[in-house]
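Take a look at the structure below.
Values in this document were obtained by computation on a predicted structure and should not be read as measured data. As a basis for the values below, the full set of heavy atoms in this structure was taken, side chains included, without hydrogen atoms, waters or symmetry mates. Sequence lines set the chain letters: A, B, ... in the order given, protein chains first and strands last, and positions in each chain run from 1.
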Amino acid sequence: MTTNVLIGVGGTGAKIVESALYLFLAGLGPSKVIVGLVDQDSANGNVARTKTLINDMVQFREDWNSGNNRLDWSVGEDKGGAVLGRVEIERFFGTECHWRPEQDGQATLAVVLQRQNMPEEQRVLFDMLFAPGETEQDMPLTQGYQGRAHIGSAAMLASLERDIGGFDRRTTELVQMAKQDQDVRIFLAGSVFGGTGAAGFPTLARAINRIRSGGNQAPNRDHVRVAGALMLPYFGFQDAADPQANVVKAAELLPQARSALEYYDHLLANEPVFEQLYMIGWDQFFQLKYHEPGKDEQKNPPFAPELIAAVAALDFFDAKASPGPAGAPIMVSSRADARTFGWRDLPFTTPSHRDYAKKLVGQLLRFALYWCHRVEPALDQRSMLGGLKAPWLKDLAAGTDFKVETPEDRVRLNDLMQGVLNWAAAMHFFSTRSTGEALSFDLWDTAGLEDSGDVNKPAVGVGLRKSMSSEQVSSTFDALIKVDGGNSERDWRGAGTLFDEINRSKGKTEAKNLGLGRLVAAIHNAARPTEVAPPT
Amino acid sequence: MLPRIALSTGVHICLAILAVAVIWLLTKGDASLVPALRDRLFNDPDTLGRVRSDAVGHMMLWAALSLAGSFLLSSLWVSIAERTMPIDDHQARSRSGSWAGILLLLVFWFFVIGFIQIWRTSTHLDMNLKTIVIGGLITLTLTCLAYYAGTFVAVKRAMRPSVPFAPVV
């Protein structure tokens, strides 16, 4: 079995991991992925949101893997096996997924590199490379590296050298798992611009390359593959109100990216760090009309390019994909039309991979909508005798113990599904409104779900309707997944078909779903937008 | 859908047999005829028997046609429901208005058949009013019951909440 590791570096890396996690939740990807986040700014809103999602997904597997309510992931979906949450998520450090290169809350570069203990010649060199005072040497690292990748690289390298937080040790452990018949695939996600991502992406890639190439251990290079998704500048933000503020400015992004690309060109020519490198860009910037240097206020909405990067991770983790030989041609994928972004623009290996992804993502979104707005409220509707009122629930939830475990499982599942809807709605809302020229977002349409949203307040996100009428659910459900290339509208299953199917179904399948798991599996299965078999 | 319609047919046949049996029991003796007719044909039992037989025949036809109407209208409702795709119980329940509308149509049909079979044929002049009323009420009850049971057993499960009290049943 292949060990797959996904590491998001910085805020953008965290958002790519977030998109990848939702694809995993939908059932796409390998059977297990170890997920980690790297950011100096532990309070960063993007990182915090993804960290919560990782923990929720780990909890989801715990909730539904044992106990009274179970989902059976061991058999195929054609036999009633669960697809939802099929991919097991493990935190990078076991109980923790986040690596903070410098643990000290008051850390500065001068402190991290112990300037006061440096010999005279090293101190002169240090002073020459980094501006003195709060501009660079004494800049607090609590809010990340503020777009100064050279500070981040130096600080991160120092932490790796001293193995602060155990990243180096854990990576070595993972690399050691590579054997003759067992590959280790490590995928890094980050941005070429900004601070943490720009600093951490090449630094970590080189560190992993060093570890797999030997170090003190036996070389495992042949069985450890490293890939990365590198985001070119795709979003902009307002400059800080104080022009003297020691933070990165929007105008610095492109020159920074250019320098970084020159660096990568040099790096890749001299040091074969990556087997596969995916670079993703966008022609028009998504404009974030605010400036937050870091901490929890920096909570950017998800954007379409991050989904493309997440698809790149899927491509790399696909066991059948093999890295091209050295000097292999560069593969280019682009949108068919600059004004739209649809399923056909997602760079899947084959059309059948794309159709299957569309089916599973569609199934997840439709399940989330139907579960939150129809199934969850119906579970509380009881007859005079205290039994479930809805006839279909009586069959599908038969044998569920509603007093033990189930209340907690229900709350957590509902929260996770609300998160799915929030993510999809935010991507839809901000992707269509944040570029200068309106983008037609043709993956899904969550307009029927959206209650409030302000493009000038991206950190607030999109408010979703608390309750929806049958007609609202019906129209939103049927229009949720957009049809383009591959499937015809004729084959599309509506909410009525779902309800008809769950009324016919008794939840009896070959799969060993148990308790409320039978209901979850049945609703999820009935929420499939179309009939598409997994790609062979 | 066909097995469910077959089930509905079975329900209607059973209730039709019950209706005919009840009417046969109600009209078994000459007491079901009006006293004036009985007195007038006291010495002519053949004619009295023929008149009673005609009246009973009209009563039974009334019941049979009412139940046939119930079968047709319940099948109509089931076929409408078959094409309806509710997304939840609430939306399915909201279709109970058309179920009730067809039930009213069935009641109207019952009275039209009653008018044709009893009044237009002057059966009401020969048969005891009490027998007609009791027989009619029983037929009406069985017809409504047949419509209810027929729609209940034949409607697809997703649309069952549209049949009143069906989820409770």
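- In this structure, the side chain of A:W73 engages the main chain of A:L84 through a donor-acceptor pair within 3.5 Å.
- If you measure heavy-atom distances from A:E471 to chain B, the contacts under 4.5 Å come from both the backbone and the side chain.
- With a 4.5 angstrom heavy-atom cutoff, A:Y370 touches chain B only via side-chain atoms.
- Heavy-atom distances place the side chain of A:D395, and not its backbone, under 4.5 Å from chain B.
- Of the atoms belonging to A:S474, heavy atoms from both backbone and side chain fall under 4.5 Å from chain B.
- Below 30°, between 30° and 60°, or above 60°: for A:W444 and A:W423 the angle between ring planes is between 30° and 60°, a tilted geometry.
- Between B:W119 and B:H124, the angle of the ring planes stays under 30°, which puts this pair in the parallel group of the 30/60° scheme.
- Looking only at heavy-atom pairs under 4.5 Å with chain A, the residue among B:Q91, B:R157, B:K156 that has the most is B:R157.
- Side-chain atoms of A:S470 and B:D88 form a donor-acceptor pair, as typed in the model, at a separation below 3.5 Å.
- A donor-acceptor contact under 3.5 angstrom links the side chains of B:S70 and B:H12, judged on distance only.
- Both the backbone and the side chain of A:T497 come within contact range of chain B, each with at least one heavy atom under 4.5 Å from a heavy atom of that chain.
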